[in-house]
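Everything below concerns the one structure shown next.
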Amino acid sequence: MCDLNTFKKNAGDVLRAIRDSKKSPTGPGRIWTAGEPENDARVERTAQGGMKVPVSLQKNMVLLRDNRPGLKEKYGKLPFEE
């Protein structure tokens with residue numbers, strides 16, 4: 001076992017070594033590690049203003065928030081509410 005900072009450094013070193021490995025000349029040109037495609041998609045969506053939430057889902061989210069104890073205080077105003 002090791003402390004958290006040592007673990008993070010070791011894990012980061014391993015992932016960087018994997019991504020810096022020699023690429024196949026016929027391959028896609030990038031070595032993906034776990035979670036990278038999802039993180040890249042999230043960063044891109046965020047830069048474009050986020051995901052569109054259908055009106056029906058917005059209504060359900062508001063009803064859920066308004067009818068569950070403590071949620072109104074925690075989520076006073078949702079991003080799509082004007």
Side-chain angles (χ1 to χ4, degrees):
M1 295 302 263
C2 60
D3 65 62
L4 181 59
N5 289 330
T6 301
F7 172 80
K8 287 181 178 182
K9 181 190 179 309
N10 291 343
D13 290 346
V14 169
L15 292 173
R16 279 186 288 282
I18 291 170
R19 287 191 296 265
D20 291 341
S21 298
K22 184 176 179 182
K23 279 62 165 188
S24 168
T26 60
R30 179 172 181 178
I31 297 174
W32 295 89
T33 54
E36 279 190 304
E38 295 83 358
N39 185 62
D40 288 356
R42 182 191 59 79
V43 168
E44 185 176 331
R45 279 192 308 271
T46 301
Q48 296 173 3
M51 291 180 58
K52 301 284 187 240
V53 179
V55 173
S56 60
L57 179 56
Q58 290 178 17
K59 290 177 183 176
N60 285 336
M61 290 169 72
V62 169
L63 283 172
L64 179 66
R65 180 209 51 207
D66 292 346
N67 293 309
R68 298 282 185 203
L71 290 183
K72 184 80 170 180
E73 294 76 22
K74 187 173 182 179
Y75 304 104
K77 188 172 185 180
L78 297 169
F80 48 79
E81 292 181 300
E82 295 288 330

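Heavy-atom minimum distance, R42 versus N39: NH2-OD1, 2.8 Å. Taking every heavy atom of both residues into account, I31 and R19 meet most closely at O-CG, 3.6 Å. The nearest pair of heavy atoms linking K52 to P54 is O-CD, 3.8 Å. Nearest heavy atom pair, residue I18 against residue T33, reads CG2-CG2, 4.0 Å.
Distance check: M61 CE to F80 CZ gives 4.5 Å after rounding to the nearest 0.5 Å. Put simply, CG on N10 and OG1 on T6 are 6.5 Å apart, with the number rounded to the nearest 0.5 Å.
Within the 4.5 Å cutoff, no side-chain heavy atoms of F7 are placed close to those of M1. With a 4.5 Å cut-off on side-chain heavy atoms, V62 and Q58 do not count as touching.
One finds no salt bridge joining R65 and E73 here, because no Lys/Arg side-chain nitrogen approaches an Asp/Glu carboxylate oxygen to under 4.0 Å. Between R30 and D40 there is a salt bridge, since at least one side-chain N of the basic residue sits less than 4.0 Å from a carboxylate O of the acidic one.
Judged by distance alone, with hydrogens and angles left aside, the side-chain atoms of K77 form no donor-acceptor pair with the main-chain N or O of Y75 at under 3.5 Å.
In the displayed structure, K9 atom NZ is contacted under 6.0 Å by at most 12 heavy atoms of other residues, nucleotides or ligands. Residue-environment remark: CD (E38) exceeds the threshold of 12 foreign heavy atoms within 6.0 Å.
W32 and V14 are assigned to two separate hydrophobic clusters, defined by single-linkage of ILVMFWY side chains at heavy-atom distances under 4.5 Å.
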